[in-house]
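Keep in mind that the numbers below use all heavy atoms, side chains included, and drop hydrogens, waters and symmetry copies. What you see is a predicted model, and the numbers here were worked out from it, not measured in a lab.
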Number of protein chains: 2
Amino acid sequence: MESDSTERRFDEIDLQILERLESDHDLNLSDLSEEIGLSKSAIHYRLNNLKEDGVITAISADLDPQRFGLEMLVITEVYVTHESGYAADTGEAIAATTGVQDVYYTMGDVDFIVIFRAQNRDQINDVIAKLIAIDGVNETSSTFVMDEIKSDGRVLANMSDEMRENVRSD
Amino acid sequence: MESDSTERRFDEIDLQILERLESDHDLNLSDLSEEIGLSKSAIHYRLNNLKEDGVITAISADLDPQRFGLEMLVITEVYVTHESGYAADTGEAIAATTGVQDVYYTMGDVDFIVIFRAQNRDQINDVIAKLIAIDGVNETSSTFVMDEIKSDGRVLANMSDEMRENVRSD
DNA sequence: AATGAAATCGACCAGCA
DNA sequence: TGCTGGTCGATTTCATT
């Protein structure tokens, strides 16, 4: 599983395989083989390369948060105190807070944007209290998400034609 | 693949299976079988139920955005005009914008929070221009993400012990 | 809901272009 | 390096409890 995390290029076959598997990995290698017009072994060979190369970071099961009672999604802006220099430690502490899903270190006014899920209001308060207690955190401002209109971490599925062209080898 | 999207409860075995597969589905059913102390068929049986029940929404390949040159992540706040009533149409239009990954309809000051990736500054400008052009959109304010400290959509992995207890059937 | 046996599918290998 | 066909091992399915 090697990965140097730099951009690379893909031929149309790799892009087709990736696009398909990014949406649904529960498939017949035989079907894919026919659709693309390449033997099963060849697809398997390409898949192995894509995994070793770190393009595919994992095969994972996607779970529905609703079925676990996680009906609330909160986006919190975190401001750090001016005195603290680079806020790397603060960022790590935020990321280590139980329940926190995403932590982004941002440019500009706000220092961190934090996203987390909760089953009820008490849990929301708990997380915010933990964030405020972190060394270097000065202030927080939370927004409640009323509707998750789109939440789609897929990479290729969200790429425009132009973006796709930029990674094509042909 | 039935799903009524309501909360349900899980026994410890289901939770163990889900926790494992959420992180890595490149599994060895035999290993899982030994770890958990249940026959391979039984685990497969439970897996089928979890899929049909909509708890597992998909098995998918996770791709590294960096390898596709998507080195920039942007978070944009979108404000709608006061005249437009419920902003459902506006939300759908935002979600349909090419490149956009997440769209959240939020309470309070800001109306939508939009997250998208780009390969270069031109693409960022393109997306923002498209957002402003949408009917009902009044103003946008974008923040550049300098460091993606944590970005982990896994559900069970981010649940606290308390949250986990709340969905346990035992 | 779980089991074991039978059918099916994916992983790997040696060889080839 | 990328692909093929075949073999072995693993998984999915099914009848049965």
Check whether any side-chain N or O of T57(A) sits under 3.5 Å from a backbone N or O of D62(B) as a donor-acceptor pair, and report yes or no. yes
Within-4.5 Å side-chain heavy-atom neighbours: L70(A) and Q119(A): yes
Tell me whether the OP1 or OP2 atom of dT3(C) has a side-chain N or O from S39(B) closer than 4.0 Å. yes
Checking side-chain contact (heavy atoms from CB on, under 4.5 Å) between F68(A) and each of M159(B), E7(B), R8(B), R9(B), which is the one that passes? M159(B)
Check the phosphate of dC3(D) against Y45(A), side-chain N and O only, distance under 4.0 Å to OP1 or OP2. Yes or no? no
Rounded to whole angstrom units, what separation is found between the CD1 atom of I59(B) and the P atom of dT11(D)? 14 Å
Side-chain N or O of R46(A) closer than 4.0 Å to phosphate OP1/OP2 of dT1(D): no
I43(A) CD1 to dG10(C) C1': how many Å, rounded? 12 Å
What does I13(B) touch in the nucleic acid at a heavy-atom separation under 4.0 angstrom: a base, only the sugar-phosphate, or nothing? nothing
Nearest to the side chain of L38(A), which nucleotide is it out of dC3(D), dG10(C), dT12(D)? dC3(D)
Using atom CG of D53(A) as one end and atom P of dG2(D) as the other, report the distance to the nearest whole Å. 11 Å
Rounded interatomic separation in angstrom, taking CG from D31(A) and P from dT8(C): 15 Å
Could you give the CD1-to-P distance, from I36(B) to dA1(C), as a whole number of Å? 16 Å
Reading nucleotides 12-17 of chain C from the 5' end, what letters show protein touch, with B for base, S for backbone sugar-phosphate only, - for no heavy atom under 4.0 Å? B-----
Could you give the CD1-to-C1' distance, from I17(B) to dT11(D), as a whole number of Å? 15 Å
Please state whether the phosphate of dG9(D), meaning OP1 or OP2, lies under 4.0 angstrom from any side-chain nitrogen or oxygen of N28(B). no
Expressed in angstrom and rounded to an integer, what is the separation of L47(A) atom CG from dG2(D) atom C1'? 14 Å
Check the hydrophobic clustering (I, L, V, M, F, W, Y; side-chain heavy atoms under 4.5 Å; chains of links allowed) and say if L73(A) and V100(A) are grouped together. no
Tell me whether D161(B) at atom CG has more than 12 heavy atoms from other residues, nucleotides or ligands lying less than 6.0 Å away. no
Is the side chain of D152(B) donor-acceptor paired with the backbone N or O of R154(B) at a distance under 3.5 Å, no angle test? yes
Nearest-Å distance for atom pair CD/C1', residues E34(B) and dA10(D): 14 Å
Are D11(B) and R46(B) within salt-bridge range, i.e. N to O under 4.0 Å? yes
What nucleotide among dA2(C), dT11(D), dA1(C) has an atom nearest to a side-chain atom of L27(B)? dT11(D)
